[in-house]
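Order of the sequence lines sets the chain letters (A, B, ...), proteins ahead of strands, with each chain counted from 1.
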Protein chains: 2
Amino acid sequence: MGAQRQERADAARNRRAVLQAAETLLAENGFDHVSLDKVAAAADVGKGTVFRRFGNRAGLMRALLEERAVMLSEGIVSGPPPLGPGVPPRERLLAFLDALADLATRNVALLAAHDRACAEDKFSDPIYLRWHRHITTLLAEARPDLDAEFVGHTLLSMFDADLVRHVMNDGGVARLTGSLRDVASAFLGAPR
Amino acid sequence: MGAQRQERADAARNRRAVLQAAETLLAENGFDHVSLDKVAAAADVGKGTVFRRFGNRAGLMRALLEERAVMLSEGIVSGPPPLGPGVPPRERLLAFLDALADLATRNVALLAAHDRACAEDKFSDPIYLRWHRHITTLLAEARPDLDAEFVGHTLLSMFDADLVRHVMNDGGVARLTGSLRDVASAFLGAPR
DNA sequence: GAAGTAAGCGGACCGTCGGTCCGTATGGTG
DNA sequence: CACCATACGGACCGACGGTCCGCTTACTTC
């Protein structure tokens, strides 16, 4: 099935440069104040290049987040338990939330930028969708009586970048992971 | 205590006109695509007037939402139970969430516009703050073991305008209120 | 009712930003 | 080497939030 034409060398180089530049800018100036003009300039690339490569702001942020989320994704579908398959849904869900918390706390700025960019129609964002589907599936097994889709959204709302930042500023990572497990337990019922 | 100078007649008239225009535009074109230029034009008022009166976009949306939320606020502090004081926190919290759901479903567009406008620093928005404090207080009574502040944010996330719209499009108001109670119950424990 | 003044008005103006367009350059290929 | 699809870059555009300032107007005082 189609190798569908190799990406040209300069194109590949530029894509790396743009991603790199965006990441740097995001780390320096926090999540906001990172316009695509600046990214293009920092990557030493024309603005048009950025848009041709990533479509729009949301596309760029998505690509960036995807880079950071790829290990998580692989861990879910084929990694060892409890993140991967092979344990009861309860454990797997908790493991997933922990992993997500890890990802979120390590990349707050990026997450914030991504959220902002996808604000319009966030329920169609592929990354959000994937995470939501995973949660929903596990939840449906563990608590078939609940509206899994709705609860899935509620659970994911705990990883709202602003909330993560807010909680981390006042209680640190420990508070976030702790509260996270409390909330999850509330939905899953007592820890057996 | 200061009567601090009565608002001039034309100023009051203009404020009403702006609020009215904003509301209309919001109802016609959905939540987005309502720029302050358009509001000013529709109110037959200069743009500067809008900003002098409301400070910025967030201020206007807040004022608009405040109009709709005033009955709820009064109901909380001095209305009859179960919304007002006089019943156990459990009932009061559920009643509050129901009332909020009612407000939200009746004003999705406004809520969305407000959320968007306050996206930057939503935890400082007075309305959000008020609702959050109410929830937190009740929750701290009913479930002193939980991180009430965090759970408060989680509960309020269920009224995210996009989520409300999403759920209403696929299940209607009934689904929202139903799921809402399920989630709330999960936090509060079984209905005694 | 005239005069004085603080409050209010409006809309031109500004900077920023996401996104588009198109003439030009260049890497791959036969 | 010649050809062409692919990609490049940056000028350009429209929209928007917000500011500014010279002019107007509603109230007050006598």
Base, sugar-phosphate, or nothing for [X], non-hydrogen atoms under 4.0 angstrom?
| X | value |
| --- | --- |
| Arg53(B) | sugar-phosphate |
| Arg8(B) | base |
| Arg52(A) | base |

Could you state the atom-to-atom distance from [atom1] of [X] to [atom2] of [N] in whole Å?
| X | N | atom1 | atom2 | result |
| --- | --- | --- | --- | --- |
| Leu60(B) | dG18(D) | CG | C1' | 14 Å |
| Glu7(B) | dG8(C) | CD | C1' | 10 Å |
| Arg13(A) | dG27(C) | CZ | P | 7 Å |
| Arg116(B) | dC16(D) | CZ | P | 15 Å |
| Met61(B) | dG17(D) | CE | C1' | 12 Å |
| Phe54(B) | dG8(C) | CZ | P | 13 Å |
| Asp37(B) | dC13(C) | CG | P | 15 Å |
| Phe51(A) | dC22(C) | CZ | C1' | 16 Å |

Taking the nucleotide of DNA chain D with the closest heavy atom to each, which residue, Asp10(B) or Lys47(B), is nearer the 5' end? Lys47(B)
Between Leu36(B) and Arg15(A), which has a closest nucleotide on DNA chain D that is more 5'?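 Per heavy-atom nearest nucleotide, the more 5' residue is Arg15(A).
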Any Lys/Arg nitrogen of [X] or [Y] sitting under 4.0 Å from an Asp/Glu carboxylate oxygen of the other?
| X | Y | result |
| --- | --- | --- |
| Glu67(B) | Arg62(B) | no |
| Asp37(B) | Lys47(B) | yes |
| Arg92(B) | Glu141(B) | no |

Regarding [X] and [Y], is there a side-chain donor-to-acceptor distance under 3.5 Å anywhere?
| X | Y | answer |
| --- | --- | --- |
| His166(A) | Glu149(B) | yes |
| Ser179(B) | Asp182(B) | no |
| Asn107(A) | His114(A) | no |

Whether [X] contacts [N] is assessed here as follows: a side-chain N or O lying under 4.0 Å from the phosphate OP1 or OP2. Is that the case?
| X | N | value |
| --- | --- | --- |
| Asn14(A) | dC8(D) | yes |
| Ser35(B) | dA15(D) | no |
| Thr49(B) | dG10(C) | yes |

Heavy atoms from C-beta onward define the side chain here; which of dA11(D), dG17(D), dC16(D) lies closest to that of Lys38(B)?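 Closest of the options to the side chain of Lys38(B): dC16(D).
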Residues from residues 21-32 of chain B sitting under 4.0 Å of DNA chain C, heavy atoms only?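 Close to the strand, none.
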Starting at the 5' end of DNA chain C and moving along, which residue's nearest nucleotide shows up first, Asp44(B) or Val34(A)? Asp44(B)
Between His153(A) and Phe123(A), is the ring centroid distance below 6.0 Å?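 When the ring centroids of His153(A) and Phe123(A) are compared, they turn out to be within the sub-6.0 Å range.
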Would you say Asp145(A) has more than 12 foreign heavy atoms packed within less than 6.0 Å of its CG? yes
